[in-house]
Novice: 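Before I ask anything, let me first share the structure, which is written out below as structure tokens.
A quick note: this is a predicted structure, and the numbers were derived from the prediction, not measured. We number each residue from 1, following the sequence as shown.
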Amino acid sequence: MTSVDSLAREVARLRREVAEMRKGQRVAHGATVEDAAIEVRDDAGSLRAIVGQQGDGTTGIQVVNGPPPPEPTPPILTSVLGGVAASWDGLFANGAVIPLDWARVEVHAAAGGAFEPGPATLVTTIETAQGATVVVPTEAPVYVRLLARSTSGTPSVPSATSGPEGPAPVVSTELLDGIVTETKLAAEAVTAAKIKLGAVGADQLALGVGNLAPDPSFEGPRTAALIDGLPDWTLVTPGSDSPTALHVDCTAPATAWKNVELARLPVLPGERHYLALDYRVSADFDGAGAKVFFRYEDAAGAVTGWGVADEPPVLGGPWARVTAQVMAPPDTVVAVLVVEASEVTVGEAWFDNVEVRTLIAGGMVAAGTITATEIAALSVETGHLVAEAVSAEKIAAEAVTAEKIAALAVTTDKLDANSITAGKIAAGSVDATALAADAITGKVITGGEVNGAVVTGGQLRTAASGQRITLNEGNQNKFILYNAAGVAIGEISYRGLGLQGTSGAQIWLNPEATYPYLRFTNAALTNGAVINVVENTPGSANLGMNSGTFTGSGYTNMKWRTFLGEDFWAAERIRDNQQSIIIGGRQYLDATSASFGYVDTTGATTEAFIRCTPGVIMPRARVNIQPITGDANSTLFAQSGPGQTGNLLSLYNSTAGAYRMQVDLAGNTTVAGAINAGTANITGTLSAGNIATGTVTITPSAAHTPTSASVNFNVTGSTVRAYATAQTTVPGVRTPAGAFGVTGVGVSSITNNSMLVWVNRENTTATNIHWMVIGS
């Protein structure tokens with residue numbers, strides 16, 4: 001316990017130090033971010049923006065994972081020549097305030113009123129928050145809806161539908177702006193001579209601007225509607241630096257390709273796009289991969305080709321990102337955006353943060369698309385450059401390096417005063433011999449150097465390689481501990497505390513969930529056990545202990561779980577990804593009952609358990625009692641309690657709704673069915689369906705005269721036997737001995753319901769005759 005307390009205190013101390021270091025961090029004037037990016041996250045840890053180097057090689061500010069904008073107010077429609085004018089007043093439903101990351105409002109139109117906005121219904125956009133009026137070209141009445149988007153591409157809930165409204169009849173030769181559309185122009189009506197030089201560029205084509213994937217982080221109603229009716233697909237939390245991820249259960253009886261179509265985008269042959277996706281798969285995933293791709297189709301819907309972003313999956317690993325640049329083949333008119341778990345039979349896969357950006361469309365190249373990495377070495381020679389075409393402003397910062405300058409080409413007369421600063425001096429080129437005495441004073445030095453106890457920016461490490469500790473390595477706000485082989489074996493970060501042993505096995509304490517959880521993982525990261533706390537209802541803290549998975553009962557992912565819930569405790573053998581399946585021994589305790597036994601919720605085997613409630617034990621199974629060999633005690637023993645008034649034993653047939661046997665406290669036994677026994681000594685009163693007993697008193701009509709009496713009863717059995725005996729002290733005694741005895745007793749006319757009992761004696765004294773009838 002002392003070591004655990006010490007570890008807890010050490011973690012608490014490190015957290016306080018990290019917090020103080022964060023408060024003290026400042027980026028000095030002129031600091032740079034080199035070949036990296038700054039991530040902006042909200043208070044929940046979700047990624048909201050990337051400032052700097054982007055995933056596709058461009059540089060800028062990219063907003064991601066923004067919340068959905070509010071619903072716009074419905075458009076106001078009026079008829080105009082050749083179409084319908086749609087006006088937006090710049091307001092939002094329920095008086096909602098426009099968010100700071102609002103980008104535009106899309107105008108969607110369709111012939112039917114029950115339509116959902118999509119690429120096929122998009123007509124135009126409104127780019128000003130003050131509202132505007134746009135023209136929807138149409139020759140027939142249409143319905144119109146508005147949809148707002150944020151700068152990260154997240155859509156709002158579509159507005160209410162307006163319409164139908166049709167075009168106004170042509171009453172003059174005047175045409176409104178926007179009425180002449182592409183379909184109204186004759187073939188080759190617009191030629192190069194009709195377009196002003198430089199009028200059409202990348203900006204006019206909107207190339208490379210914005211994420212084309214609708215609901216890229218799967219947080220809006222569009223994704224929920226897409227997977228409605230697909231039982232294998234669900235939305236789960238959390239995602240990859242976002243609140244939500246798309247999840248698929250890959251269980252299938254045969255090899256399957258499980259996918260969802262996210263969008264259908266119009267494209268031209270030769271168009272190039274950038275595709276990206278965050279994904280992860282479970283440890284038992286057996287598929288070829290989790291991917292995002294374009295399925296290219298021609299006008300008839302036939303597949304013309306594929307553009308795929310994927311890589312071999314890391315089983316059970318963390319979130320990873322795949323990227324690719326793809327190009328539409330000839331005859332393509334539509335690119336269908338799809339996420340897929342390929343060639344699977346078991347396991348799970350998660351998807352998040354889909355990204356689709358246009359790189360080249362219609363022969364135009366998006367700004368920033370062609371970088372140095374896109375140009376082959378030596379492909380641009382001086383003979384291809386116009387004289388003075390390359391001026392100082394055309395040269396990117398740091399593009400001219402030392403190896404590009406001839407020896408002694410730069411002399412002092414070519415240098416401006418103060419043009420050589422610290423940032424222009426290579427590391428290690430200035431040593432102690434080149435510094436004047438007192439050249440370095442106690443002023444603050446940023447970028448990773450030390451000023452007293454304050455470090456601002458950069459990275460700290462105890463060594464360049466091998467066994468070391470690093471802080472903020474790769475601009476990641478974390479401590480990392482390396483062993484002598486240079487393998488990371490420990491981490492303290494926002495994700496929690498992680499430790500790795502010499503064997504490669506790992507312990508991970510993660511505080512990022514509602515409650516922290518502790519995971520124990522093997523060196524191969526293929527299996528592990530978890531201790532976690534679950535909040536089933538707000539404010540609850542339910543403790544669970546889960547073993548690693550194993551193969552059993554026909555499943556590859558069974559596990560044992562002990563769970564302390566809200567006023568109950570259970571120990572059971574369950575399936576990891578389908579916890580309603582319980583097969584095996586199980587204990588369950590709550591405030592009013594306890595049960596122990598064998599459970600199979602699939603119904604493949606017979607369950608058997610004992611349930612205890614106040615004062616009652618209820619076995620639910622056939623009871624097979626096997627005493628210890630040589631035990632002199634009773635195999636089954638029941639003892640009445642003080643003041644008990646009920647039976648010692650009751651056997652009840654629930655199907656017939658009747659008792660079949662009862663034994664009271666006095667030992668009197670009632671049996672509803674037949675009793676079959678060889679010999680039996682019976683004390684007390686015996687009542688059974690095939691046995692009747694009784695006593696009849698007969699007064700002989702005269703001495704030495706047999707006299708009968710009829711008795712009635714009701715016994716079961718096909719063969720009925722009767723017995724009678726006289727209650728007398730002088731059986732068989734005859735005159736002149738001085739006593740008048742009974743000389744004979746008999747029975748006749750025996751049926752299941754009656755018989756005659758006979759007596760003969762020396763006198764006419766009334767005699768009690770006891771009788772018994774047994775059916776078999």
Side-chain angles (χ1 to χ4, degrees), residues 48-49 62-80 83-138 140-167 176-179 181 206 209-226 228 242-244 262-266 354 356:
R48 293 306 186 191
Q62 181 61 45
V63 180
V64 298
N65 296 330
E71 173 187 343
T73 55
I76 300 172
L77 306 182
T78 56
S79 297
V80 296
V84 174
S87 300
W88 177 52
D89 56 9
L91 302 178
F92 296 86
N94 301 317
V97 179
I98 186 171
L100 296 179
D101 65 343
W102 177 89
R104 61 189 177 276
V105 165
E106 297 178 353
V107 181
H108 293 260
F115 78 96
E116 288 295 325
T121 62
L122 179 62
V123 177
T124 186
T125 61
I126 296 176
E127 304 292 335
T128 173
Q130 297 180 346
T133 298
V134 296
V135 174
V136 178
T138 180
V142 293
Y143 295 85
V144 180
R145 302 182 76 178
L146 304 181
L147 183 144
R149 285 195 184 271
S150 66
T151 53
S152 63
T154 304
S156 70
V157 174
S159 72
T161 304
S162 297
E165 190 67 56
L176 295 178
D177 293 339
I179 290 300
T181 64
V209 178
N211 188 355
L212 301 181
D215 195 12
S217 295
F218 309 118
E219 299 174 11
R222 174 184 175 85
T223 303
L226 283 176
D228 185 27
S242 70
T244 309
L262 302 181
R264 299 179 68 87
L265 306 176
V354 178
V356 180

Novice: For the side chain of Asp101 and the backbone of Pro69, is there at least one donor-acceptor N/O pair under 3.5 Å apart?
Specialist: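 Not confirmed, Asp101 side chain does not pair with Pro69 backbone.
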Novice: If I compare all heavy atoms of Pro221 with all of Val157, which pair ends up nearest, and what's the gap?
Specialist: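 Taking Pro221 first and Val157 second, the nearest heavy atoms are CG-CG2, 4.3 Å.
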Novice: For the residue pair Pro72 and Glu106, establish whether any side-chain heavy-atom pair is separated by less than 4.5 Å.
Specialist: no
Novice: Minimum heavy-atom separation for Pro137 and Val135, please, with both atom names.
Specialist: CD-O, 3.3 Å
Novice: Quick one: CG on Asn94 to OG1 on Thr73, what's the gap to the nearest 0.5 Å?
Specialist: 11.0 Å
Novice: Using a 3.5 Å distance criterion without hydrogens, assess whether the side chain of Ser156 forms a donor-acceptor pair with backbone atoms of Leu147.
Specialist: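 Side chain of Ser156 to backbone of Leu147: no pair is present.
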Novice: How about Tyr143 and Leu77: do any of their side-chain heavy atoms sit closer than 4.5 Å?
Specialist: no
Novice: Heavy atoms, side chains only, cut-off 4.5 Å: are Thr125 and Val105 in contact?
Specialist: no
Novice: Do side-chain atoms of Ser162 reach the backbone of Pro75 as a donor and acceptor pair under 3.5 angstrom?
Specialist: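 Yes.
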Novice: Out of curiosity, Leu146 CG to Phe92 CZ, how far, rounded to the nearest 0.5 Å?
Specialist: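 Atom-to-atom, Leu146:CG and Phe92:CZ are 10.0 Å apart.
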Novice: Tell me whether Thr223 contacts the main-chain N or O of Gly220 through its side chain, where contact means a donor paired with an acceptor under 3.5 Å.
Specialist: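 It does not hold such a pair.
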Novice: Please report the shortest heavy-atom distance between Trp88 and Ile126, naming the atom on each side.
Specialist: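 That closest heavy-atom pairing would be CB-CD1, 3.8 Å.
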Novice: Please report the C-alpha distance between Thr78 and Val84 in whole Å, then the side-chain angles of each, then the deciding distance to 0.1 Å, and finally whether the side-chain contact (heavy atoms from CB on, under 4.5 Å) criterion is met.
Specialist: CA-CA 6 Å; Thr78 56; Val84 174; over 6 Å; no
Novice: After noting the C-alpha distance and the side-chain angles of Asp89 and Ile76, does the key distance pass the side-chain contact (heavy atoms from CB on, under 4.5 Å) rule?
Specialist: CA-CA 8 Å; Asp89 56 9; Ile76 300 172; 5.6 Å; no
Novice: Starting at CG of Leu262, measure out to CZ of Arg222 and round the result to the nearest 0.5 Å.
Specialist: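 Those atoms lie 7.5 Å apart.
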Novice: Quick one: does Ser150's side chain get under 4.5 Å of Pro67's, heavy atoms only?
Specialist: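 Heavy-atom side-chain distance check fails, nothing below 4.5 Å.
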Novice: I want to check something: taking the side chain as every heavy atom from C-beta on, are His108 and Glu116 in contact at a cut-off of under 4.5 Å?
Specialist: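 SC-SC contact between His108 and Glu116 ruled out.
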Novice: I need the minimum non-hydrogen distance between Leu122 and Thr124, along with the two atoms involved.
Specialist: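 Residues Leu122 and Thr124, closest heavy atoms: CD1-O, 3.6 Å.
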Novice: For Thr154 and Gly66, which heavy atoms make the closest approach, and how far apart are they?
Specialist: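 In terms of heavy atoms, the two residues are closest at OG1-O, 3.1 Å.
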Novice: Assess whether atom CD of Gln130 is packed by more than 12 heavy atoms of other residues, nucleotides or ligands within 6.0 Å.
Specialist: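 Open: at most 12 neighbouring heavy atoms sit under 6.0 Å from CD of Gln130.
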Novice: As an exercise, state the distance from CG of Asp215 to CG of Leu226, rounded to the nearest 0.5 Å.
Specialist: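 One finds 8.5 Å between CG of Asp215 and CG of Leu226.
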Novice: Report yes or no: does Arg145 contribute a side-chain atom to a donor-acceptor pair with the main-chain N or O of Ser159 at less than 3.5 Å?
Specialist: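 Checked: pair present.
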Novice: Can you check whether Ser242 reaches Glu219 side chain to side chain, under 4.5 Å on heavy atoms?
Specialist: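 Yes, close enough: below the 4.5 Å cut-off.
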